[in-house]
Amino acid sequence: MIESSTALFARRRRARFALAAAVVLELGCTGRRVATSDSPAVDFATMPDPTERRGPSSADGVEAVLAAARDTLGVSSPRLDGDAVPTDCSGYLHALYKRAHFDLFSEARPGDNGVRAIVRWVQRYGHLYRAQLAAPGDLIFFDNSYDRNGDGRLNDRLTHAGLVEQVLPDGTLLIVHATNHGIVREPMNLFRPHEATDASGRAINAPLRRKGTGDGPKTPHLMSELFAGFGRVFQRAESLAGRAPPEP
């Protein structure tokens, strides 16, 4: 029986996406790779324009992703819909967004690690931006969470990623992410990026980079100090530009 051209195209497309996913899942957040010449330029400089209708619009999708994140918190071997959930940062996010029917690895290219693959997806379908606040359901990216290339310098881009789960009244963001100590929810406050706690002793910025023997006194370690930018997946009507937390 001769396979139709439509069926052949679909089969090849599935195989290509499966190969891309396998590459980034193997690498996760920590794979050491030589940068390729087609690595995308990453610009987190601008806020999303609320008049530009880019990215899928789905309140249900946001809730599906957040519910999946909460279901896996503190679980040593998380599962969603009966499937094992990867516990590297990018594989974890890929599994969460599959609940909203998005394949964050579908834009992966050879040589990408998982975080880079997700950034490519956001560049094509969503928005990359920098601000002091984000919205629940947005992605967050970090640089220099570890010395990926082993040269002792702070030159390792896009080494970790997580999910914004909540925004507290003081501007502290609660980030759900996969770490070497499990799936955790940790705080990050970009209004006070160099403070681990507030005046009352409450944690507002969790450490992300382990302190190494080669680290100097000014080596960044807090999530806020290693912050690279946000990724907006879902369309939103509101803009967070210039928004500040309420006065205490």
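This structure is a prediction, so every number in the text was calculated from the model and none was measured.
- Ile140 and Phe191 fall within the same hydrophobic cluster, where Ile, Leu, Val, Met, Phe, Trp and Tyr residues are linked whenever their side-chain heavy atoms come under 4.5 Å apart, directly or through other members.
- For Arg70, the CZ atom counts as densely surrounded, since its 6.0 Å shell holds more than 12 non-hydrogen atoms of other residues, nucleotides or ligands.
- The stretch residues 179-191 participates, sequence neighbours left out, in these salt bridge (Lys or Arg N to Asp or Glu O under 4.0 Å) pairs: Glu165-Arg185.
- Between Tyr146 and Asp156 the shortest side-chain heavy-atom distance does not fall below 4.5 Å.
- When side chains are defined from C-beta on, Asp112 counts as touching Arg120, because their heavy atoms get closer than 4.5 Å.
- Counting heavy atoms from C-beta outward, Phe105 and Lys98 have side chains that stay 4.5 Å or more apart.
- Of the inter-residue distances, the one linking Ile183 atom CD1 with His177 atom NE2 reads 9.0 Å to the nearest 0.5 angstrom.
- Side-chain polar atoms of Asp88 and Ser90 form a donor-acceptor pair below 3.5 angstrom.
- Counted by atom type alone, His160 and Asn144 present zero donor-acceptor pairs between their side chains at under 3.5 Å.
- One finds the CG atom of Asp198 at 5.5 Å from the CZ atom of Arg192 (value rounded to the nearest 0.5 Å).
- Side-chain N or O atoms of Asp143 include none that pairs as donor or acceptor with a backbone N or O of Ala228 at under 3.5 Å.
- The nearest pair of heavy atoms linking Ala69 to Leu163 is CB-CD2, 3.6 Å.
- Minimum heavy-atom separation, Val115 to Cys89: CG2-SG, 3.9 Å.
- Among all heavy-atom pairs drawn from His221 and Leu226, the shortest one is O-CD1, 3.8 Å.
- Between Arg99 and Asp81, at least one side-chain nitrogen of the basic residue sits less than 4.0 Å from a carboxylate oxygen of the acidic one, meeting the salt-bridge criterion.
- The shortest non-hydrogen separation linking Leu73 to Val184 is CD2-C, 3.6 Å.
- Between Leu222 and Arg209, the closest side-chain pair of non-hydrogen atoms is not below 4.5 Å.
- Checked against a 6.0 Å centroid threshold, the rings of Phe44 and Phe227 do not count as neighbours.
- No side-chain heavy atom of Phe230 sits under 4.5 Å from any side-chain heavy atom of Leu139.
- Residues Leu173 and Pro187 fail the side-chain proximity criterion, which asks for heavy atoms closer than 4.5 Å.
- Looking at heavy atoms from C-beta onward, Thr197 lies out of side-chain contact with Ile204 at the 4.5 angstrom threshold.
- Residues Phe102 and Trp121 have side chains in contact (heavy-atom distance under 4.5 Å, counting atoms from C-beta outward).
- Interatomic distance, CG of Leu96 versus CG of Leu80, reported as 6.5 Å (0.5 Å rounding).
- Looking at every heavy atom in both residues, Ser145 comes nearest to Thr159 through OG-OG1, 2.6 Å.
- To the nearest 0.5 Å, the span separating CZ on Arg130 from CG on Leu128 amounts to 11.5 Å.
- Contact record, Ala100 with Phe234: CB-CZ, 4.3 Å, taken as the closest heavy-atom pair.
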Next item on the list: For side-chain contact (heavy atoms from CB on, under 4.5 Å), just list the numbers for Tyr92 and Thr72, CA-CA rounded to whole Å, side-chain angles, deciding distance to a tenth of an Å, and then say yes or no.
Entry: CA-CA 10 Å; Tyr92 176 65; Thr72 57; 2.6 Å; yes
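- For the pair Asp170 and Arg202, the salt-bridge criterion is met [side-chain N within less than 4.0 Å of a carboxylate O].
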Check: Given Arg210 and Asn180, is the side-chain contact (heavy atoms from CB on, under 4.5 Å) satisfied, shown in steps?
Finding: CA-CA 11 Å; Arg210 289 183 176 180; Asn180 56 13; 2.8 Å; yes
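- A side-chain hydrogen bond (donor to acceptor under 3.5 Å, both in side chains) with Ser224 is found for one member of Asn205, Thr172, Asn189 and no other, namely Asn205.
- Between the side chain of Arg116 and the main chain of Arg109, no donor-acceptor pair closer than 3.5 Å is present.
- Side-chain atoms of Tyr129 and Arg232 form a donor-acceptor pair, as typed in the model, at a separation below 3.5 Å.
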